[in-house]
Amino acid sequence: MARTPFVAGNWKMNTNKASAIELAKGVAKGAPAGVQVGVATPFVYLDAVGQALAGSKVQLGAQDVYFEKSGAFTGEISVEMLKDLGVAFCLAGHSERRHVLGESSELVGQKARAIVAGGLTLIHCVGEKLEQRDAGHTLNVVQSQLEELRGSVEDPNSLVIAYEPVWAIGTGRNATDQQAQEVHAYIREAMGRMWNPDFANRVRIQYGGSMKPDNAAGLMAQRDVDGGLIGGASLKPDSFLAIVNAAK
Ligand code: PEP
């Protein structure tokens, strides 16, 4: 089954208002046909970046959200608020939220459920730490992170999985093509068991972790790699678009 590749930038806590707008315009100008392209910006620049992307094919994304609809949750942002600004997709379970900000598996699952229920595309991030890989636990870790989605997703188009080995994020040490394919194939098999094989064949699985213009083509040529979630290399239009073009 031909899956349209999806390459998304995760700007994390970077840019300022002017540079965010400039970056968005640069990406919008060069985004090619044949690849779904998105940028997950800091909350405070979503509105400005959304306006900069208007009329382009590049989708606006958020890096996080809270699962409640509204109310006394100081500092939090709801799915409805994101939709109000034209957000199309939202991450859940990014390793920095799990391991730096201390989000539990339960909270990640609640966020994932709210994102899908609200009608946004969910990019659900999974991946093992180095000590878990070294101990041979990679597939178990990924399986348990997929379990966070049980009962929450029915439409395969509303779900994207990002396989992001924690040891590869921001380190310059990407997974090899074979390491990525092995885990992606396992994720698809596991989704086939949790949902059904047709559902699993339709879900895009992105690779994330030090993907750069010089390693993107090899990673994305793998059978079960359907694009990328890009951190550092998404902060410049040239490097991000080189990766997007490698996905065609
Ligand atoms: C990420 O944060 O999702 C990521 C993949 O970062 P980097 O590309 O910088 O490793």
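Note that ligands are numbered from 1 as they come in the structure, with each ligand's atoms numbered from 1 the same way. Worth saying up front: this structure is predicted, and the values here are computed from it rather than measured.
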_Pairs meeting criterion ring-ring contact (aromatic ring centres under 6.0 Å, His included) with involvement of residues 141-180, two or more places apart_ = Tyr163-His184

*Select one of side chain, backbone, both or neither to describe which atoms of Asn10 lie under 4.0 Å from any atom of ligand 1, heavy atoms only.*
side chain

_ligand 1 contact by Ala168, heavy-atom criterion under 4.0 angstrom_ = yes

*asked:* Taking 4.0 angstrom as the limit and counting only heavy atoms of Gly232, give me the atoms of ligand 1 inside it, by number and element.
replied: 7 (P), 8 (O), 9 (O)

_Polar contacts were defined as any N/O atom of the residue lying under 3.5 Å from an N/O atom of the ligand; does this apply to Met211 and ligand 1?_
no

*Report, in ascending order of atom number, the atoms of ligand 1 lying under 4.0 Å from any heavy atom of Gly170.*
7 (P), 9 (O), 10 (O)

*Side chains of Val166 and Leu130: closer than 4.5 Å at any heavy-atom pair?*
no

*Which ligand 1 atoms are under 4.0 Å away from a heavy-atom of Leu229?*
3 (O), 5 (C)

*Identify the two heavy atoms, one from Tyr207 and one from Pro165, that lie closest to each other, and give their separation to 0.1 Å.*
CE1-CD, 3.8 Å

*Taking atom types as modelled, find out whether Arg97 and Gln63 have a side-chain donor-acceptor pair closer than 3.5 angstrom.*
no

*Could you see which bit of Ala162 sits under 4.0 Å from ligand 1, with heavy atoms only: side chain, backbone, both or neither?*
neither

_Check: Asp224/Gln181 side-chain N/O donor and acceptor closer than 3.5 Å_ = yes

*asked:* Walk me through whether Ser95 and Glu164 qualify under side-chain hydrogen bond (donor to acceptor under 3.5 Å, both in side chains).
replied: CA-CA 8 Å; Ser95 77; Glu164 301 204 295; 5.5 Å; no

*asked:* When you compare the side chains of Lys248 and Asn245, does any donor N or O come within less than 3.5 Å of an acceptor on the partner?
replied: yes

*Val79 to Gly118 - nearest heavy-atom pair and separation*: CG1-CA, 3.9 Å

*Who gets closest to atom 4 (C) of ligand 1 by heavy atom: Pro165, Gly127, Gly231, Ala233?*
Gly231

*Looking at ligand 1, does any of its N/O atoms fall within less than 3.5 Å of an N/O of His94?*
yes

*Answer yes or no: does an N/O atom from Gly209 fall short of 3.5 Å to an N/O atom of ligand 1?*
no

_Verdict with supporting geometry, Gln143 and Tyr186, side-chain hydrogen bond (donor to acceptor under 3.5 Å, both in side chains)_ = CA-CA 9 Å; Gln143 172 79 56; Tyr186 176 80; 2.8 Å; yes

_Between ligand 1 and Thr171, is the shortest N or O to N or O distance under 3.5 Å?_
no

*Distance filter under 4.0 Å to Glu164 heavy atoms, resulting ligand 1 atoms*: 1 (C), 3 (O), 4 (C), 5 (C)

*Those atoms of ligand 1 less than 4.0 Å from some heavy atom in Ser210*: 7 (P), 8 (O), 10 (O)

